[in-house]
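What you see is a predicted model, and the numbers here were worked out from it, not measured in a lab. Numbers restart at 1 for each chain; the letters A, B, ... are given by sequence-line order, proteins then strands.
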2 protein chains.
Amino acid sequence: MPKQKIDRRVERTRRSLQNALSELILEKGYEKVTVQDVIDRANVGRSTFYAHFESLDQLLLSGFEPLRAQFEDFLSGAEFDHESPWALSLTMFQEVQKQKGGYITLTHVQKFLYGYLLDHLKGQLPKRNKNIPPELLAHYVASSFIALMTWWIDNEYPLSAEKMNEIYRQLVEPGTMAIMMT
Amino acid sequence: MPKQKIDRRVERTRRSLQNALSELILEKGYEKVTVQDVIDRANVGRSTFYAHFESLDQLLLSGFEPLRAQFEDFLSGAEFDHESPWALSLTMFQEVQKQKGGYITLTHVQKFLYGYLLDHLKGQLPKRNKNIPPELLAHYVASSFIALMTWWIDNEYPLSAEKMNEIYRQLVEPGTMAIMMT
DNA sequence: ATGTTTCTGAACACCGTGTTCGGTTATAAA
DNA sequence: TTTATAACCGAACACGGTGTTCAGAAACAT
């Protein structure tokens with residue numbers, strides 16, 4: 001079944017809302033943006049907003065849906081070995097810089113990353129490993145990544161994505177590898 | 001000047017509010033607690049609440065003021081060398097477990113820790129170090145700590161404070177040392 | 001006993017959310 | 001071009017939370 005043609009109006013409405021939100025976030029930060037702000041800026045009726053999205057959160061996520069899909073593709077395609085997670089992190093530093101989305105979505109990225117890491121770590125960790133629960137390790141690796149990313153965004157990208165990735169790797173890899181091998 | 005005797009009523013009111021908040025946090029999490037909830041539980045008039053605290057946040061912080069002071073004492077007394085940060089982290093794991101405060105205050109702890117680390121790192125990092133900004137390093141070390149703490153609390157203390165501290169050290173120390181020496 | 005401080009609680013103004021519904025307009029398809 | 005329909009509008013509403021005000025009651029220190 002070829003996908004239904006989408007009514008121009010819904011297309012227009014959705015875009016307007018996404019753009020409005022995006023602008024407002026840059027102006028005053030996601031936390032302070034209200035539905036009212038968005039629909040005023042987008043010139044969209046209140047009821048219309050709720051016809052399309054359950055909440056601001058949903059609207060926000062909808063904007064990153066393409067990125068998320070791409071991210072998922074990348075993950076499912078990649079082989080997990082000793083190298084790939086670091087290659088992945090580089091890609092993500094680069095992507096996030098492009099997006100200018102800010103750190104609002106980092107929470108979601110973190111969940112995603114955590115799930116991915118956990119899946120693969122469970123296979124890799126020696127079963128009898130008494131050192132560290134895989135959940136904790138995954139949590140740590142994902143959190144560290146988000147931490148660096150947060151700093152990077154807050155400080156408005158003072159270093160290159162490549163440099164950030166290098167630092168991330170230098171900081172996190174040694175301890176991670178060591179604790180996995182023990 | 002010997003400190004003014006505090007009116008019993010004030011004491012009573014403050015305590016009631018703190019206890020009520022503390023109970024409610026355990027029941028449904030800080031985010032979902034409202035001022036109304038607190039004053040109902042504490043049996044305190046609405047206006048009274050605002051006579052004492054500007055907001056829920058303030059009330060929350062007031063409860064942790066003693067702990068914060070103690071923390072500050074500990075920090076100012078400690079010598080910063082290659083060992084002490086890890087000794088410190090153990091103390092903190094232990095303290096947090098005692099408090100049962102949950103992770104609501106972790107944000108504040110993080111800021112505090114960050115400031116402390118940054119102060120001392122600036123003295124220690126080779127000045128010509130081109131590898132990593134001290135701010136980023138401090139941010140990473142503090143964030144990692146908070147990350148482990150968060151996991152620990154969320155999972156209701158599945159490991160001992162000592163074990164957690166050991167893991168923290170194993171994960172974070174190697175990378176940190178390496179990047180500082182380079 | 002008295003003057004002061006604190007507490008009370010109802011009333012109020014304000015703001016944000018999310019829903020409903022009758023009327024209007026844009027769109028796609030015939 | 002006509003027409004049925006899907007989308008949009010926006011005002012009104014119910015709800016719940018915040019923070020302020022004020023007059024009167026109660027607890028307190030002396």
Checklist entry - Taking the side chain of Arg9(B) as its heavy atoms from C-beta onward, which of dA7(D), dA11(C), dA27(D) lies nearest to it? => result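 Of dA7(D), dA11(C), dA27(D), dA27(D) is nearest to the side chain of Arg9(B).
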Checklist entry - Would you call Arg41(B)-Glu27(B) a salt bridge at under 4.0 Å N-O? => result yes
Next on the checklist: The test is side-chain hydrogen bond (donor to acceptor under 3.5 Å, both in side chains); show your working for Tyr114(B) and Asp119(B) and say whether it passes.
Outcome noted: CA-CA 9 Å; Tyr114(B) 169 79; Asp119(B) 271 3; over 6 Å; no
Between [N] atom [atom2] and [X] atom [atom1], what is the distance in whole Å?
X        : N       : atom1 : atom2 : answer
Arg14(A) : dC8(D)  : CZ    : C1'   : 14 Å
Phe49(B) : dA10(C) : CZ    : C1'   : 19 Å
Asp7(A)  : dC8(D)  : CG    : P     : 7 Å
Glu11(A) : dA6(D)  : CD    : P     : 19 Å
Ile39(B) : dG19(D) : CD1   : C1'   : 11 Å

Checklist entry - Does His52(A) make a side-chain N or O approach to OP1 or OP2 of dA7(D) shorter than 4.0 Å? => result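 Negative; the distance criterion is not met.
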Checklist entry - Can you find a side chain N or O atom of Tyr50(B) that sits less than 4.0 Å from OP1 or OP2 on dG19(D)? => result yes
Item to check | Base dG9(C) paired with Ser47(B) side chain (donor-acceptor, <3.5 Å) | outcome: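 Counting by modelled atom types and ignoring angles, a donor-acceptor contact under 3.5 Å is found here.
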Next on the checklist: Could you go through Lys28(B) and Asp37(B), starting from their C-alpha distance and side-chain angles, then the distance that decides it, and tell me whether this counts as salt bridge (charged side-chain N to carboxylate O under 4.0 Å, His left out)?
Outcome noted: CA-CA 11 Å; Lys28(B) 46 188 211 164; Asp37(B) 293 337; 2.9 Å; yes
Item to check | salt bridge (charged side-chain N to carboxylate O under 4.0 Å, His left out) assessment of Glu166(A) paired with Lys163(A) | outcome: CA-CA 5 Å; Glu166(A) 184 192 321; Lys163(A) 181 69 181 172; 3.8 Å; yes
Checklist entry - Between Arg8(A) and Thr34(A), which is nearer to the 5' end of DNA chain C once each is assigned its nearest nucleotide? => result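 Closer to the 5' end of DNA chain C: Thr34(A).
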Next on the checklist: Once you apply a heavy-atom cut-off of 4.0 Å, does Asn43(A) come out as touching a base, just sugar-phosphate, or nothing?
Outcome noted: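 Asn43(A): backbone/sugar contact only, no base atoms under 4.0 Å.
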